[in-house]
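Everything on this sheet refers to the single structure shown next.
Values below: every heavy atom of this structure, side chains too, minus hydrogens, waters and symmetry copies. As the structure is a prediction and not an experimental result, all values here were calculated from the model. Throughout, protein chains are lettered first and strands after them, A, B, ... in sequence-line order, and every chain is numbered starting at 1.
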There are 4 protein chains.
Amino acid sequence: MSDKRGSRAADRTEAIMRTALELGEEIGYAKLSIEAVATRAGVGKHTVYRRWSSKGALFLDSLLSLNEAHLDYPDTGDVIADLRQQIHAAINLLDRAPVGPLYRALIGEALLNPQVAAALNDHFITPQAEKTVARLKAARDQGQLSPDFDLDLAMGILSGPLYFQALIIQKPLTHEYVDRVIDALFTGMGPRP
Amino acid sequence: MSDKRGSRAADRTEAIMRTALELGEEIGYAKLSIEAVATRAGVGKHTVYRRWSSKGALFLDSLLSLNEAHLDYPDTGDVIADLRQQIHAAINLLDRAPVGPLYRALIGEALLNPQVAAALNDHFITPQAEKTVARLKAARDQGQLSPDFDLDLAMGILSGPLYFQALIIQKPLTHEYVDRVIDALFTGMGPRP
Amino acid sequence: MSDKRGSRAADRTEAIMRTALELGEEIGYAKLSIEAVATRAGVGKHTVYRRWSSKGALFLDSLLSLNEAHLDYPDTGDVIADLRQQIHAAINLLDRAPVGPLYRALIGEALLNPQVAAALNDHFITPQAEKTVARLKAARDQGQLSPDFDLDLAMGILSGPLYFQALIIQKPLTHEYVDRVIDALFTGMGPRP
Amino acid sequence: MSDKRGSRAADRTEAIMRTALELGEEIGYAKLSIEAVATRAGVGKHTVYRRWSSKGALFLDSLLSLNEAHLDYPDTGDVIADLRQQIHAAINLLDRAPVGPLYRALIGEALLNPQVAAALNDHFITPQAEKTVARLKAARDQGQLSPDFDLDLAMGILSGPLYFQALIIQKPLTHEYVDRVIDALFTGMGPRP
DNA sequence: TGGTAAGCGAGACGGTACGTCCTGTCTTGCA
DNA sequence: TGCAAGACAGGACGTACCGTCTCGCTTACCA
C-alpha cells in the first residue's frame, strides 16, 4: 500500500538502470550515451536527467544496484581466512564479466569526472575499505595482530596490488595472486631469510 | 645536417604536443578537444589526426615527451635507499601538478579506451615496472634479498598501494606513505612480532 | 489562435530562410554554406538539416517564400497583352536583383542535383508553365487561337528563348526582347512574306 | 619531330582530361573532385592546377576535346533541311549519354561560376550560335528568308526551347520536338488560321 | 467525480565536437 | 629540372550527443 505511491517512479528508475547495464554490456560504457539509454528504455531524456546528473552517476547507481548485500565480511575468528574469502568474492564479482568491464570503465570515468569520483568513493570504495579496516581492527583487538599494526596501510597493501593488476597492468586477477599478496602482507618479503 | 629532413614534420609534432599539454593544464584533459588543440596550435585538424588516432594517444605522447631521461634507477648498492629515492622522484613528477592531474586523466582514458591502455602499458608502465624489477633482481643477485624473493609480487606491492592511494582514494601521495609501504614490504606486518 | 501551435517551429523556418536570402545576396549562392546560414540565424545546424536536405532545397524554399501570390496571370480577354504583361512581370522579378542571381544559381544547382531539380520543377517550373498553358487554352477556347494551336510548344517557344538568353548567353533580358519573341510566336518568321 | 618537345606535357593533359571524363561518367560531375582525378590519372594535383583553374575549367576542356570537328553546318542550299540535320546531330551528341549528363552539369557549373560561364560561352556557345546565324544569313542573302528576318531572334527561338526542354523541364529531347520548333519558327503559330 | 497538477514520452532546440573530405598552396625527394 | 606524392591550413560537411526546453497526454490525488 505505502509503496504504491512512487512505485511508478521506482519502475522508471529501475528500468533505466537495467537498460543502462544491458546497453553497457552490449556496446561498452565508453560508446554509450544517455540518449541511447533513454530511447532503449522507452523513456524521455528528461526522466533520466531528473534522476542522474551524468552518465557516470547513472552507471554508478546501476552497478551498485547489482551489489546489494554482497561483499560483506564474514568473521570466523580467523582473519586471514576471512580476508581471503572476502577478497576472492570481490574479484569474482568486480573483475569478471559482466560487471568487470563496467566497473573498470566506471573507475576510468571517475578519474575524468570528480563528481563521479566523489560518489564512487562515498558509496562504494570507502564503505568497502571500512569493512576491511573494521575486520582487521577486530583481529587486532583480539590479539591476532600486533598492537601497532597499521590498519590503513594494511588495507592499502591488500587492495592496491589488486587494483594495480586489474586497472594498470590490465591482466585478470587470480585467486592465487590474491593469496600471494595476503601472504606477503603478513609475513613480509624480508631482505634476509 | 641529418635532421634537416623531416624537420618541418617534427616542428608540427612538437607544437601540437606542447599545445596539448598547455591546454590540458588550463582546462583539464576531460574538457579538451582535438579541435581546440589544433586551432590553438595553428594547425589543421587533419595534421593532428595524421599523427594520433585519438585524444588519448596524443596525450600519452605529450606526457611521455616530458619524461625523457627521467625516472631512471640509481644503483648505490643499497636497494632500499635506491627504491625510496626513485619512488620519491616518481611521485614528485607524476602525482603533483602540472603532470599529476593529466597523468591521472590519462589513466582514466586508458580504462575507457583499450588502444590507449595498450600504448600506455607498452610505452610507460611496463618499461617502468621492468626497471623496478631489474633493480630488485640486482639486489637479489647480490644476496641482499632472499633467493626466493618474488620480484613481480614485490613490484606490485610497491606500486599498487601508491596507485590505489592516488587514483582510487584520490588523496595526495606523501613521501612518508611511500616509506611505510617500503618498510612493510621488507619487514612484513606479521600477525605477531 | 489556431496558429499558436507550431509557431515556434515556423519562426525558425522563417528566420532561416530570411537569413539564407540575406547571406545569398551578400556573398552569392555559390560561396554560401549551411554552416554560415545556421550561425547567422542563431540556430543549430541540425535545425536546418531537419527541414532541408541540402543547400539547394533550402534556397528553393527561400526563394519561393518571396514569391507568394506573384506571377499570376491576368485575363483581360486579350491573350497577347496578358502574356506580355505577365512575362514582363516575371522577368522583372526573376532576372533582376535581388532575386535574379539567386534564381540563376538555383537553376545551376538543379542541374547538379536531381533532387533540387525535381523540387524546383514541382514547386515552380511546372505550376508556372501550367498557368501559361491554361491562359493560352482559354484563348484557344475563345477562338482567339486556331483550334490546332499547340499549347505546350507555344509555352516552350515563349519560355525557352528567355531562359536561353538569361542562363546560357547570360545577357539581361529586356522587355523589348520579350515582345519580339511573342511577336514571332504568333506571326512566324516565315521564309517569305 | 617538332612536336616532340612538349609531347610529355600534352600526354599529361590528355590523360587528365580522359580521366576526368571517365570519372565523370562513373560518379557524376557533382561528386567529382580534382583530387580524385589527379589520383586516378596518376598525376600530382599540382599538375592539374597548373593547367586548369577549377573543376569546371577542366571539364569544359575535357568535353570540348571530344567535340572537335563535330557540329559543323552543312550547306545544301535548303536552310530548313540543313538546320534540322545539324540540330539533330547536336542533340544526339549533347543530350544523350555519355556527354549529355556531363554537358548539363557543366552548364550548371557555369551558372554558379562566372569564369566557367565566360569560358563556356567563348569556346562553345558563341561559336556554335555564330554558325547558326551564319547559315541563316546565307539563306537570307540567297533570298530564302525575308530581308528583315531577325537572325539573332531566330537563333534564340531555335535554341531556347531545346535548352529549356533539356535543362529546365529535364525531359529528353526528341527529333520530333526539334521539327515542331523549326516548323513553328518559319510558319508561326498564327492567332488565326 | 471532476479538476488540477505532476510526471511523462517525445523530440525540437542551440551548441560543441566529431572525424572526413576537399581546396589550393607548399615542400620533398626521386629520376 | 620537372614531376608524383602528399603534407599542410583552412573550411565545410553531415552526424552524434549534450543538457535544456516545450508540447500534449496520461495519471492519480484532492476537493
> Does B/His46 or A/Gly44 map to a spot on DNA chain E nearer the 5' end, using the closest nucleotide for each?
Replying inline: A/Gly44

>> Rounded to whole Å, how long is the line connecting atom CG of D/Leu58 with atom P of E/dG24?
In response: 12 Å

> Should D/Arg12 be listed as having a side-chain N or O under 4.0 Å from OP1 or OP2 of F/dG2?
Replying inline: no

> A/Trp52 CH2 to F/dG19 C1': how many Å, rounded?
Replying inline: 16 Å

> Taking the six-membered ring for Trp, are the ring centroids of A/Tyr103 and A/Phe124 within less than 6.0 Å of each other?
Replying inline: yes

> What integer distance in Å separates D/Lys45:NZ from E/dC21:P?
Replying inline: 13 Å

> For the residue pair C/Leu60 and C/Leu120, what are the closest heavy atoms and their distance?
Replying inline: CD2-N, 3.4 Å

> What's the OH-P distance between A/Tyr49 and F/dT22, to the nearest Å?
Replying inline: 17 Å

> Hey, are B/Glu109 and B/Arg104 close enough for a salt bridge, meaning a charged N less than 4.0 Å from a carboxylate O?
Replying inline: no

> Hey, does the side chain of D/Thr47 come within less than 4.0 Å of F/dA4's phosphate (OP1/OP2), counting only N and O?
Replying inline: yes

> Are D/Arg18 and D/Glu14 close enough for a salt bridge, meaning some N to O gap below 4.0 Å?
Replying inline: yes

> How do B/Ser53 and D/Lys31 order along DNA chain E: which one's closest nucleotide is nearer the 5' end?
Replying inline: B/Ser53

> With a 4.0 Å cut-off, would you call C/Glu35 and C/Lys55 a salt bridge?
Replying inline: no

>> Output the rounded distance in Å from CG (D/Leu32) to P (E/dC21).
In response: 15 Å

>> Less than 4.5 Å apart, side chain to side chain, heavy atoms only: is that true for B/Val116 and B/Phe59?
In response: no

>> Can you see if the side chain of B/Arg51 gets near the phosphate of F/dA7 - specifically, an N or O under 4.0 Å from OP1 or OP2?
In response: no

> Where along residues 34-42 of chain A does a heavy atom come under 4.0 Å from DNA chain F, residue by residue in number order?
Replying inline: A/Ile34, A/Glu35

> CG of C/Asn113 versus C1' of F/dC13: gap in Å, rounded?
Replying inline: 15 Å

> Taking atom P of F/dG2 as reference, at what distance in whole Å does atom CZ of D/Arg50 sit?
Replying inline: 9 Å

>> In whole Å, I'd like the distance from the NZ atom of A/Lys55 to the C1' atom of F/dA16.
In response: 13 Å

>> Any carboxylate oxygen within less than 4.0 angstrom of a Lys/Arg side-chain nitrogen, looking at B/Glu26 and B/Arg40?
In response: yes

